[in-house]
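A short worksheet on the structure shown next.
Basis for what follows: all heavy atoms, side chains included, without hydrogens, waters or symmetry-related copies. Lettering follows sequence order; numbering is per chain, from 1.
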Amino acid sequence: MEISKNMIGSEVTTWYKKNGRKDLPWRIKTTPYRVWISEMMLQQTQVNTAKDYFLNFIEQYPDLESIKNASEEEILILWKGLGYYRRAKFIYQAKEKIFKDYNGLFPDEFEDIISLPGIGKSTAGAILSIAYGKPFPILDANVKRVVGRLYNQESYQEKKFWELSKKILDKSNPFLFQQGIMDIGATICHIHNPQCDECPLGRWCLSKKNGSFYTYKKKKTPKKKVFLNYEIYKRDGCIYMIKNMDLGFWNELWMPPYKIVENNNREIKHGLSHRELHLEFLVTSGTPKGGKWINKNEFNNLPTPKPISDKLEQYAKSFL
DNA sequence: AATCCGTGGTG
DNA sequence: TCACCAAGGAT
């Protein structure tokens with residue numbers, strides 16, 4: 001028998017059973033593989049954005065065995081448009097390691113899971129809690145906001161927030177608790193206008209008590225501008241494309257050849273996390289090298305970044 | 001420790 | 001139009 005019961009944790013668990021978003025696609029069936037793929041997609045990505053990508057990914061690769069022989073580019077194609085494309089490469093590398101070191105079985109120990117590429121402490125905690133029912137804390141944006149407010153923190157402190165996440169975790173129900181705490185963060189404890197009247201944690205919440213609500217603030221660094229002039233080579237309904245290896249972003253995605261210039265007449269302004277891209281597209285003649293001709297019917301088969309996909313779609317419709 | 005990495009929604 | 005930020009991790 002426990003001497004002191006974790007009231008907050010058990011309240012979250014109870015709330016989840018009744019009010020949780022149990023119909024999310026990655027919650028229908030929680031195999032370690034499915035939880036892993038969903039957690040990778042959900043890194044810095046909202047639920048609504050990840051949904052369709054998850055369903056599409058799982059349709060093609062429903063389990064580890066089906067993804068065993070997939071190439072990096074095949075996985076990248078399923079990631080097309082989702083962003084943070086490194087995650088697709090991490091999935092490729094991780095599944096290679098799982099077959100090499102773990103006999104094709106997803107590992108179930110913290111040290112093994114966090115050793116996989118793209119999996120940090122929080123993702124490992126989510127997989128352990130949700131896929132294996134083992135009590136490990138998580139610290140995503142939802143949990144940061146909920147515990148930051150529960151304990152009325154003024155600023156984010158990594159170590160302190162991990163302690164709080166671990167403290168309120170319902171160790172007897174990690175599966176229900178972790179999904180519940182994230183759902184409370186996502187559906188009640190909004191960054192603006194938290195719905196405190198509906199919150200199961202209201203009687204413990206110090207922010208509700210004194211009316212000052214913690215909000216996680218990232219340092220904002222000014223975005224550097226990058227001017228890219230894309231060279232459009234056309235031939236027989238084809239456009240010449242290269243695999244980008246050296247922009248620093250969009251690595252290993254396909255695009256027309258480009259030059260980095262000092263300035264240009266931008267047609268498209270596109271923001272990345274830390275860059276402001278100014279894109280110009282110039283129809284060019286000559287003999288390009290280092291890539292291949294792609295027919296307009298095959299644009300969809302190549303992993304391309306969003307603004308390039310949009311531009312290619314235009315070309316395919318109009319003057320090719 | 002600070003910076004890098006995408007895209008879409010929201011105010 | 002624009003700032004902010006989301007189921008973060010790697011370097």
Side-chain angles (χ1 to χ4, degrees), chain A residues 16 20-21 24-27 30 34-54 76 79-91 93-94 113-131 136-148 156-159 161-162 165 177-187 189-193 214-224 226 244 247-253 255 268-277 279 303-310:
Chain A
Y16 179 77
R21 298 177 294 178
L24 295 177
W26 43 85
R27 289 178 174 174
T30 54
R34 287 168 61 97
V35 175
W36 168 48
I37 297 299
S38 70
E39 290 299 330
M40 292 300 293
M41 287 187 172
L42 288 162
Q43 289 172 1
Q44 293 290 285
T45 305
Q46 305 198 89
V47 163
N48 282 339
T49 305
K51 267 184 186 170
D52 289 343
Y53 281 91
F54 178 80
L76 200 48
W79 219 264
K80 177 177 177 174
L82 187 56
Y84 286 139
Y85 298 99
R86 213 170 29 162
R87 295 180 290 176
K89 177 187 281 193
F90 288 150
I91 287 177
Q93 293 170 347
I113 293 175
I114 203 170
S115 77
L116 297 171
I119 298 183
K121 192 175 175 183
S122 189
T123 299
I127 294 172
L128 283 158
S129 296
I130 298 170
F136 284 80
I138 65 178
L139 195 53
D140 66 337
N142 291 307
V143 177
K144 284 175 184 172
R145 200 165 51 249
V146 172
V147 301
Y156 176 66
Q157 292 178 338
E158 174 113 12
K159 190 179 176 191
F161 275 56
W162 273 110
S165 172
F177 173 85
Q178 300 294 22
Q179 298 178 88
I181 194 72
M182 286 189 285
D183 280 9
I184 290 170
T187 66
C189 198
H190 302 297
I191 190 165
H192 303 296
N193 306 320
Y214 164 85
T215 299
Y216 179 60
K217 295 175 193 67
K218 269 182 189 158
K219 297 190 191 80
K220 51 177 177 181
T221 53
K223 292 184 180 182
K224 294 175 186 168
V226 177
N244 168 50
L247 269 178
F249 49 87
W250 292 343
N251 277 358
E252 303 186 50
L253 300 188
M255 57 189 64
I268 297 177
K269 187 167 82 169
H270 184 81
L272 305 182
S273 318
H274 286 66
R275 295 287 183 272
E276 182 182 293
L277 306 184
L279 310 182
T304 48
K306 188 59 168 60
I308 300 299
S309 310
D310 293 346

task = Answer yes or no: side-chain N or O of Thr49(A) and base N or O of dG8(B) forming a donor-acceptor pair under 3.5 Å.
result = no
query = Between Arg87(A) (side chain) and Tyr84(A) (backbone), is there a donor-acceptor pair under 3.5 Å?
reply = yes
So what does [X] hit on the nucleic acid, given a heavy-atom distance under 4.0 Å: a base, only sugar-phosphate, or nothing?
{"X": "Ile138(A)", "result": "nothing"}
{"X": "Ala141(A)", "result": "sugar-phosphate"}
{"X": "Trp79(A)", "result": "nothing"}
{"X": "Gly81(A)", "result": "sugar-phosphate"}
{"X": "Lys269(A)", "result": "sugar-phosphate"}
{"X": "Ser273(A)", "result": "base"}
{"X": "Arg21(A)", "result": "base"}
{"X": "Ile191(A)", "result": "sugar-phosphate"}

request  = Give me the residues of residues 39-47 of chain A where at least one heavy atom lies under 4.0 Å from an atom of DNA chain B, by number, or none.
outcome  = Gln44(A), Thr45(A), Gln46(A)
task = Assess the side chains of Gln179(A) and Arg27(A): does a donor N or O sit below 3.5 Å from an acceptor N or O?
result = yes
query = In chain order, what residues pass the side chain to side chain contact (heavy atoms under 4.5 Å, CB included) check against Arg34(A), with sequence neighbours excluded?
reply = Ile28(A), Lys29(A), Thr31(A), Phe54(A), Ile58(A)
Tabulated below should be each protein N or O lying under 3.5 Å from an N or O of nucleotides 2-4 of chain B; please produce it.
unit_1 : atom_1 : unit_2    : atom_2 : d
dC4(B) : OP1    : Lys224(A) : NZ     : 3.4

inquiry  = I'd like to check Thr304(A) versus Lys80(A) (side-chain heavy atoms, cut-off strictly below 4.5 Å). Are they in contact?
reply    = yes
message = Judged by each residue's nearest nucleotide on DNA chain C, which is more toward the 5′ side, Ser122(A) or Lys223(A)?
response = Lys223(A)
key: Listed partners of Trp162(A) passing ring pair (Phe, Tyr, Trp, His ring centres under 6.0 Å), at least two apart   = none
request  = Only counting residues at least two apart or in another chain, list the ones meeting ring pair (Phe, Tyr, Trp, His ring centres under 6.0 Å) with Tyr156(A).
outcome  = Phe161(A), Tyr216(A)
message = Taking only side-chain N and O atoms of His270(A), does any of them lie within less than 4.0 angstrom of OP1 or OP2 on dT7(B)?
response = yes
note = Nt span of DNA chain C in reach of chain A heavy atoms at under 4.0 Å, 5' end first, is dC2(C) to dA10(C)
